[in-house]
Amino acid sequence: MESNRKLKMAIAFASVAALSVFFSLHYRRRRKQRSRRCACYLRADSKPQDSFRRVLADNSYSPFKHLKLEDGDSSYSHPYEAEITALLDCPQLEFTFYPDEKIPTTRDTYTWVETEQQLNELADILIKERVFAVDTEQHSLRSFLGFTALMQISTQDEDYLIDTIKLHDAMGILRPVFSETSICKVFHGADNDVLWLQRDFHIYVVNLFDTAKACDILSKPQRSLAYLLETYCGITTNKLLQREDWRQRPLPQDMVQYARTDACYLLYVARCLVGELKQKENESCFDDELHFVLEACRRSNMICFQRYMKDIEAAPGESAASSIISRHLNGQGGESDDFKAQFQDMVRRLCSWRELMARVHDESLRFVLSDQAIVALASKVPTTTTDIFDTIRQADFNTDSLSSSMPSPSPVVYSHMDGFCDLLQERIDNCNEISLVVLQKCLGQDGTCPLSVFNYSVLVNFTMRSTNKVVSRQNGTKSLKQVSRKASRELFVKKFSCKSPVYHNCRIYANDGRLLCYCDRRKLEWYLHRGLAKLVEDDPPAVMLLFEPKGRPEDEDNEFYIQRKKNICVGCGEGNHYLRYRIIPSCYRMHFPEHLKSHRSHDIVLLCVDCHEVAHAAAEKYKGKIAEEFGIPLFVRNIVDLRDDHVASEPCAMGINFEQAGISPLELRTAAMALIRHGQRMPQKRREELTQIVMRFYGGRDISNADLERALLVGMSSHERRRLEKKRGLSLKHSNGGIIPDKRQIGSTKKMMISSTVNRSKVETVDVSFSEEEQQYVNEEITDQVETEPINPGMEPEAPAHDNNNENTICYTSQNGNLQNEGLDLGDSRNDETQPTHNPKLSLLGHGPHGKQVVDHILKEYGEDGIGVFCQRWRQVFVEAINPRFLPAGWDIKHSGRRDFGEFSVYNPIKKALAEAAKS
Ligand code: AMP
Ligand code: MN
Ligand code: ZN
């Protein structure tokens with residue numbers, strides 16, 4: 001008996017071993033074959049959209065972010081809601097659409113707009129108009145979400161064709177014209193155009209007259225533009241051109257003509273239609289309630305209320321799969337249930353694969369793989385490459401319209417054949433896995449596909465959503481983490497490394513010819529512009545001051561300011577990419593007295609991404625030490641049970657672990673916000689977890705809905721509070737009871753919460769177990785950080801504001817998926833400092849309350865000398881962390897940071913006092 005069992009086990013063992021050897025050999029051989037074949041077609045095939053630097057609607061699963069106006073509400077509402085609402089009651093139409101009774105004749109010339117300067121000139125022209133006509137042409141075949149390839153604008157005098165591909169990143173120039181209430185924009189069938197303009201350019205149309213809406217009211221037999229052109233202008237158009245490839249450049253002559261025709265008669269047509277509407281008004285004397293013109297305007301402006309949204313579905317390709325399945329299986333009765341099940345399963349996988357590939361490669365679904373090809377593949381399930389190709393080709397050939405213009409199979413299928421075979425042969429067994437494998441293969445460590453602005457967020461986004469769902473089924477999770485890490489590093493380098501050399505190495509000489517300092521161009525220009533200096537050399541430029549500077553660098557015996565600075569990482573010497581690093585964390589520095597913030601070029605150095613990460617991690621760790629030493633926790637906690645309207649956040653009592661006590665203000669706010677907004681809809685478990693987070697702030701006691709509201713206020717600026725007040729009515733609607741789980745439920749999850757206590761020295765907001773909707777909310781909150789406005793408006797001492805938003809704030813996911821954030825400096829020689837009020841969120845991520853309390857404490861106990869010592873400690877931390885070998889000569893841990901103010905410096909106390917006086 002016993003030996004029999006042993007034998008059985010031995011056999012079982014042996015066969016498992018043999019199988020695994022077999023599979024690993026098999027797999028290795030396949031891998032070899034693959035690596036020879038794999039080269040993504042995109043490496044050779046460049047697309048016009050590759051040149052876009054700013055893509056508002058990327059291919060990720062995160063929701064579209066709308067334009068945020070400075071004083072506006074969140075990105076959840078329409079930025080011009082108020083203006084549009086006002087127009088609904090009171091349309092602005094006291095002008096003539098077209099000056100002439102006669103049908104316009106085609107003008108000889110048109111203006112092709114393709115440079116930023118031309119676009120600016122056009123904006124200047126349009127802002128003076130009372131009305132103009134607009135149309136756009138889209139490209140959707142070789143793009144996942146589509147993009148605007150051309151915009152036609154016609155005024156009463158002139159036709160403009162705007163190359164919206166070349167000017168993609170500059171189109172915002174037209175934003176004010178389109179949102180200007182007093183200028184009427186005439187479209188025909190604006191429904192799509194309005195959304196496309198939001199999607200690509202954050203352009204919002206306000207004051208619209210849609211000739212199609214006028215047709216509806218007049219009960220015209222047809223509402224197409226072709227019909228109107230024929231009826232009113234006697235012109236026939238070839239609508240087939242509508243579906244041409246509008247990316248072509250130069251645009252063929254017939255397409256230019258077609259595009260112009262779509263816009264240039266619109267003003268005249270509008271005039272005719274308004275005439276008829278007015279006439280109808282007069283005729284219908286029985287019913288003076290009907291104002292036909294007004295109604296046309298009202299319906300038109302209702303279109304403007306639309307907001308662009310991405311379609312976001314639960315699983316990739318799910319809706320397409322359902323529609324294919326229902327279309328196909330409907331007419332077919334004879335198939336067996338087995339066949340049907342297999343067919344459906346195969347359609348789902350193919351759709352899932354197709355959608356991910358389309359996102360990654362920025363192609364339309366139909367370009368990647370047609371619906372009919374999916375049906376054919378799912379019915380036949382071919383196994384060899386040749387069979388697969390033939391099946392696709394045959395299916396496409398049978399449907400006439402596609403076969404002529406598109407390669408079949410598409411280059412996407414063709415160059416990613418191995419993944420495709422795995423899919424068909426069911427080596428990958430569920431949809432989640434398909435996604436992981438696809439992303440791994442395409443964008444992973446040895447991924448085949450180029451990482452572009454269109455697909456990196458797919459990766460980061462998707463990884464966050466799925467890592468927790470597919471809990472380490474294989475080694476999948478681990479490698480995916482690596483994928484995501486690699487991607488976020490690349491993303492980081494791309495987004496945040498300085499685009500051009502930081503140090504321009506321009507020189508400033510004193511009037512006696514002695515070198516004062518090196519600086520950037522803008523600083524030179526500042527002096528030149530004000531006649532305070534004259535140019536003495538051109539390349540690299542140098543100026544001589546025309547006034548006597550206060551103090552010379554030599555006086556301070558410091559060569560730091562009078563040497564060329566190299567554009568390399570001061571840590572390792574890397575010269576290809578680098579970004580600015582603040583040695584003294586801004587959560588402290590922002591609270592220093594103004595005169596101690598100067599000389600900031602000393603404490604801002606260039607680091608490559610790797611050194612940046614190391615230095616940052618060390619600084620974060622040291623913040624924990626500071627927290628302990630000063631008894632000021634990094635995070636807030638409300639230990640006093642306050643039932644009044646005032647929220648007081650106090651440091652935790654002494655003697656507890658300062659990293660774990662309390663809670664990050666951002667985490668608190670995010671949890672409270674999620675509970676208020678989505679509390680009722682989220683899964684109970686998640687709701688309890690979030691409730692626990694908020695409870696931690698209240699010292700563990702039970703919380704009420706009012707407590708949630710109060711938690712929102714923690715760390716908010718007064719401006720933000722006002723905004724919240726305004727929104728309050730809205731959010732309260734969702735919060736009617738039922739959010740807070742009862743005590744018993746909380747009790748059941750308590751243990752889990754304690755054991756999952758995380759290291760709070762980093763802000764853990766990217767909680768992968770968030771519900772989807774909540775995740776979207778959090779994502780938005782986080783990506784906000786990336787797109788924050790320039791941080792130092794208005795207090796520019798010596799140079800104009802920078803326009804390079806991306807360099808202001810870093811926000812990246814590092815190894816642990818932690819979010820890290822440091823304010824970045826803008827120029828190498830400016831002396832201003834980020835103010836907490838400009839970006840309240842910065843303080844949420846960057847330990848704002850802690851920073852202020854520490855600085856206040858130092859100033860109170862040790863005065864300004866204390867700040868000096870404090871800075872030295874941070875420089876020490878920096879030096880120990882990365883052992884910098886390329887610091888400029890003269891850089892010194894003991895640097896004083898003091899300086900006197902010159903006559904022309906905005907920091908000059910007299911000048912400041914004068915400025916203050918002038919203000920009040
Ligand atoms: P239009 O409003 O006629 O100028 O059309 C604007 C854009 O919509 C065109 O450039 C096409 O990309 C797209 N479009 C409109 N109608 C169709 C259609 N029937 N088929 C394909 N694309 C269309
Ligand atoms: Mn058109
Ligand atoms: Zn590829």
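When a ligand or atom number is given, it counts from 1 through the structure's own listing order.
- Taking the six-membered ring where tryptophan is involved, the planes of His66 and His202 are essentially parallel, since the angle between them stays under 30° and well short of 60°.
- Heavy-atom separations between Leu225 and ligand 1 are all 4.0 Å or longer.
- Using a non-hydrogen distance threshold of 4.0 Å, Trp196 registers as a contact of ligand 1.
- Angle OD2(Asp262) to the Mn ion (ligand 2) to OE2(Glu137), rounded to 10°: 120°.
- Near Trp246, the atoms of ligand 1 lying under 4.0 angstrom from a non-hydrogen atom of the residue are 10 (O).
- Below 30°, between 30° and 60°, or above 60°: for His78 and Tyr204 the angle between ring planes is above 60°, a perpendicular geometry.
- Of the candidates Glu244, Arg243, Gln242, His139, the one placing a heavy atom closest to atom 11 (C) of ligand 1 is Gln242.
- For the pair NE2 of His361 and SG of Cys40, the angle at the Zn ion (ligand 3) is about 110°; rounding is to 10 degrees.
- With His361 as reference, Tyr41 is the one residue of Tyr414, Tyr41, Phe367 to meet the ring-ring contact (aromatic ring centres under 6.0 Å, His included) rule.
- Within the listing of ligand 1, atoms 3 (O) sit less than 4.0 angstrom from a heavy atom of Lys239.
- For ligand 1, the atoms closer than 4.0 angstrom to any heavy atom of Thr136 are 4 (O), 6 (C).
- Ring centroid separation for the pair Phe187 and Phe209 does not come in under the 6.0 Å cut-off.
- For atom 12 (O) of ligand 1, the nearest protein heavy atom (residue, atom name, distance) is Gln138 O, 3.1 Å.
- Of the N or O atoms in His188, none lie within a sub-3.5 Å distance of an N or O in ligand 1.
- Short contacts between ligand 1 and Glu137, defined as distances under 4.0 Å to a heavy atom of the residue, involve ligand atoms 4 (O), 5 (O), 6 (C), 7 (C), 9 (C), 10 (O).
- For atom 2 (O) of ligand 1, the closest non-hydrogen atom on the protein side is Asp135 OD1, 3.6 Å.
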